[in-house]
Student: 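Encoded as structure tokens, here's the structure I'll be asking about.
None of these values were measured; they are calculated from a predicted model. We name chains A, B, ... by the order of the sequence lines, and we start the count at 1 in each one.
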2 protein chains.
Amino acid sequence: MVSTPGAERAEPRKVTINDVARSAGVSRQTVSRALNDKDEIDGDTKQRVLDAARALGYRPSRFARGLVRQDTMTIGLVIPDLLNPFFTEVAAAALEAARTRGWHVVVYDTADRAEEERGTLQVISSQVDAVIGYFSCPESELEAFTRGMPVVLIGREGRSTRFSSIRIDGEEGVHAAVAHLVAKGHTRIGMLDHHTRAEPSIRHTWFTAAAAAHGVDPGAVVGADQTADGGGSALKELLSAHPDVTAVFTFNDIIAIGALREARRTGRSVPQDLAVIGFDGLQLGALVEPPLTSVALDTRRLGVLAIEQVARLLSEPPPLAITDLVVHAELRLSGSA
Amino acid sequence: MVSTPGAERAEPRKVTINDVARSAGVSRQTVSRALNDKDEIDGDTKQRVLDAARALGYRPSRFARGLVRQDTMTIGLVIPDLLNPFFTEVAAAALEAARTRGWHVVVYDTADRAEEERGTLQVISSQVDAVIGYFSCPESELEAFTRGMPVVLIGREGRSTRFSSIRIDGEEGVHAAVAHLVAKGHTRIGMLDHHTRAEPSIRHTWFTAAAAAHGVDPGAVVGADQTADGGGSALKELLSAHPDVTAVFTFNDIIAIGALREARRTGRSVPQDLAVIGFDGLQLGALVEPPLTSVALDTRRLGVLAIEQVARLLSEPPPLAITDLVVHAELRLSGSA
DNA sequence: TTGAAAGCGTTACCAG
DNA sequence: CTGGTAACGCTTTCAA
């Protein structure tokens with residue numbers, strides 16, 4: 001939980017521009033000139049001011065400065081887990097895109113907990129000019145906390161027109177993945193979904209549809225934590241419940257990688273004994289053995305699109321033009337299937 | 001490069017508290033009361049104000065608010081590459097530690113480029129209350145840009161007392177790594193250092209000393225980019241120059257993982273044909289095959305210590321108490337050596 | 001319960 | 001080249 005802010009302020013009262021002015025025997029404005037490197041100031045005076053400022057340990061207040069020169073954009077980026085490479089990749093792309101615009105990005109990691117998400121939502125509106133995030137709370141709540149602020153949702157459909165959202169469309173990709181497995185002769189395909197808070201994931205829906213389209217029974221599904229360990233345990237569970245499964249599709253690459261490792265541990269070779277296809281197409285997938293086949297999307301594009309959409313929202317008055325922002329995920333074949 | 005900030009402001013002039021007051025037919029203070037949920041206000045009035053605020057799309061200025069209630073702490077976290085899991089782990093820990101204090105963290109990814117680092121330094125002082133970072137520029141420059149602000153350096157010795165720094169001490173760990181390799185019968189041990197900007201890395205120094213202590217020739221060293229691909233190419237280069245090498249120590253785990261993959265590609269089995277020991281002890285090391293042996297440090301602790309040190313700096317007037325902040329790295333044996 | 005006035009720390013705009 | 005004055009948008013204090 002977010003504790004009382006500012007509990008640990010520095011003891012000494014803040015040194016202001018006035019203190020520096022007094023100490024240097026000049027006026028505030030002159031101090032301002034010296035510090036902001038204006039040229040309309042005498043060399044000696046400037047040096048004297050700079051010295052005084054340094055001596056006092058003066059640092060301009062970013063609030064006062066921001067108040068008068070309204071030229072700073074700060075974006076809040078809210079993600080459930082920075083250690084999940086998917087979000088790291090998105091965040092890295094967003095940071096870069098923001099940097100080219102001179103924008104600052106405050107990152108909030110909610111540890112995938114509703115409580116932290118709410119805490120963040122609570123404070124964020126007074127800290128940033130716009131929000132990009134992967135939220136799991138209901139839209140009504142989002143709405144309440146972000147009123148009047150541009151919000152871009154990633155990996156989630158925005159049902160209200162209040163929010164922009166960037167959709168991840170993996171329907172065709174998942175279809176292709178199942179088709180590939182079927183073509184390879186697999187007739188029993190399982191899925192390691194993620195442990196959802198409520199409903200099954202959309203990726204699961206895609207899987208079910210694709211399986212049905214190929215006459216495959218989509219019944220072998222277990223939930224997994226979104227970690228490699230979670231993927232390992234889930235695979236174990238899946239195989240013990242459905243020993244005839246010879247291929248698995250997973251909610252994401254992290255889970256797939258855990259499954260890969262579990263398969264290895266139990267002496268199955270991949271893809272011969274068990275084929276594995278993940279989702280996300282993380283760079284990480286290329287580092288494991290065998291390299292991971294995945295329904296891959298462009299995480300970089302996701303981050304960049306989000307920043308671009310914020311820019312659009314900022315310059316365009318509501319209501320939102322209903323641009324359909326989509327990142328498509330496509331099957332990328334590699335060693336694991 | 002960081003472009004002109006705020007180039008894309010919203011067209012419509014900002015709605016202020018005064019606009020809301022006028023629209024609701026009350027005074028500023030009443031609006032303030034309504035929005036801040038004070039109880040000294042009539043229910044109807046409050047509702048009317050809230051409605052007006054929503055209708056106008058009003059959002060309080062964080063600068064004005066920050067100016068009057070000085071209770072927000074924002075830390076700048078500067079790292080060379082968020083996609084490098086080492087920094088991701090440190091960042092995640094720092095974010096979490098900051099969150100428990102109610103602090104906000106602005107993350108800057110400098111893409112490992114001096115130019116971006118300078119750009120960041122340039123703007124950061126007017127955006128945050130303290131800085132935590134992995135910098136490569138000279139201290140004099142750091143000093144100039146962060147005057148009067150608490151600064152905590154990670155993974156780098158602070159030579160001046162102007163900065164706090166958290167040291168990574170891997171001397172014993174590297175010694176143990178070399179000892180382990182020697183005990184396994186390796187007599188020709190190479191190192192994949194990182195491509196440094198200037199001098200060889202301190203890790204290389206540790207390696208040289210450890211090798212000497214064990215009567216091993218430490219001459220087989222090549223530089224590598226800090227990526228898996230970089231590690232792969234570097235291993236190729238090392239082995240072609242020194243075909244008798246049977247074990248390598250690497251600057252970090254990412255490079256080691258690349259080396260692992262390259263070894264596999266060229267048909268060498270690890271650790272039989274080639275032993276590999278990395279540095280950092282990333283979680284990622286447990287996902288590759290074989291699991292990576294590494295001189296491991298507690299990245300989480302690094303991030304947490306940095307935040308704690310900022311807190312200390314904030315409450316303690318300079319000059320800095322010379323606390324020696326260290327994170328020790330120790331050999332963690334696994335499959336690759 | 002509400003409003004008027006006084007800042008918070010800084011920079012912009014004019015005078016001098 | 002320098003200083004006075006007026007914002008910037010908000011909250012706090014004190015009266016009404």
Side-chain angles (χ1 to χ4, degrees), chain A residues 5-6 9-10 12-50 52-53 56-72 74 125-127 129 148-149, chain B residues 5-6 9-10 12-50 52-53 56-72 74 123 125-129 148-149:
Chain A
R9 292 299 298 168
R13 250 176 234 84
K14 197 160 185 358
V15 181
T16 78
I17 197 172
N18 289 305
D19 301 322
V20 179
R22 198 174 314 122
S23 158
V26 296
S27 71
R28 290 210 293 282
Q29 320 35 287
T30 302
V31 175
S32 178
R33 287 182 188 109
L35 264 58
N36 294 334
D37 224 19
K38 306 274 184 189
D39 41 356
E40 351 159 86
I41 186 178
D42 182 77
D44 288 348
T45 316
K46 180 169 175 177
Q47 195 51 54
R48 190 152 37 95
V49 172
L50 259 30
L56 293 174
Y58 168 71
R59 230 160 43 76
S61 149
R62 69 167 181 283
F63 294 114
R65 186 172 273 181
L67 193 53
V68 53
R69 330 194 305 212
Q70 334 218 61
D71 60 354
T72 351
T74 303
S125 82
S126 59
Q127 291 294 322
D129 302 301
M149 191 164 35
Chain B
R9 292 300 297 168
R13 250 176 233 84
K14 199 163 184 355
V15 180
T16 79
I17 197 173
N18 289 306
D19 302 321
V20 178
R22 198 174 315 125
S23 157
V26 297
S27 71
R28 290 210 293 283
Q29 330 21 302
T30 303
V31 175
S32 178
R33 287 184 189 108
L35 265 58
N36 295 335
D37 225 16
K38 306 274 184 192
D39 41 356
E40 350 157 90
I41 185 176
D42 181 77
D44 288 347
T45 315
K46 180 168 176 178
Q47 195 51 56
R48 190 153 36 94
V49 171
L50 259 30
L56 293 175
Y58 168 70
R59 233 159 40 78
S61 148
R62 67 168 182 283
F63 294 114
R65 185 173 275 180
L67 194 53
V68 51
R69 333 194 300 215
Q70 334 218 57
D71 61 355
T72 351
T74 303
V123 300
S125 81
S126 60
Q127 291 293 323
V128 303
D129 301 302
M149 189 165 35

Student: Could you state the CD1-C1' distance from A/I41 to D/dG3, rounded to the nearest angstrom?
Tutor: 12 Å
Student: Verify whether one side chain among A/R62 and B/T74 offers a donor that lies under 3.5 Å from an acceptor in the other.
Tutor: yes
Student: If you round to the nearest 0.5 Å, how far is CD1 of A/I17 from CG of A/L56?
Tutor: 12.0 Å
Student: Walk along DNA chain C from 5' to 3' and tell me the first and last nucleotide with an atom closer than 4.0 Å to a non-hydrogen atom of chain B.
Tutor: C/dT1 to C/dG9
Student: So for the helix from C/dT1-D/dA16 to C/dG16-D/dC1, with five pairs setting each end axis, what is the inter-axis angle to 10°?
Tutor: 40°
Student: Just by protein heavy atoms under 4.0 Å, how would nucleotides 9-16 of chain D read 5' to 3' in B, S and -?
Tutor: BBBB----
Student: Out of curiosity, A/I41 CD1 to A/Q29 CD, how far, rounded to the nearest 0.5 Å?
Tutor: 11.0 Å
Student: Determine whether A/R33 and A/T45 satisfy the following criterion, side chain to side chain contact (heavy atoms under 4.5 Å, CB included), listing intermediate values before the conclusion.
Tutor: CA-CA 10 Å; A/R33 287 182 188 109; A/T45 316; over 6 Å; no
Student: To the nearest 0.5 Å, how far apart are CZ in A/R22 and OG1 in A/T16?
Tutor: 7.0 Å
Student: Identify the heavy atoms of B/T72 and B/D129 that sit nearest to each other, and give their distance.
Tutor: O-OD2, 3.3 Å
Student: Find the distance between CZ (A/R65) and CG (A/N36) and round it off to the nearest 0.5 Å.
Tutor: 5.0 Å
Student: Nearest 0.5 Å, please: how far is OG in A/S27 from CG in A/N18?
Tutor: 10.0 Å
Student: Nearest heavy-atom pair of B/A53 and B/L35: which atoms, and what distance?
Tutor: CB-CD1, 4.4 Å
Student: Find the distance between OG1 (B/T30) and NZ (B/K38) and round it off to the nearest 0.5 Å.
Tutor: 13.0 Å
Student: With respect to the phosphate group of D/dG3, does any side-chain polar atom (N or O) of A/T30 fall under 4.0 Å of OP1 or OP2?
Tutor: yes
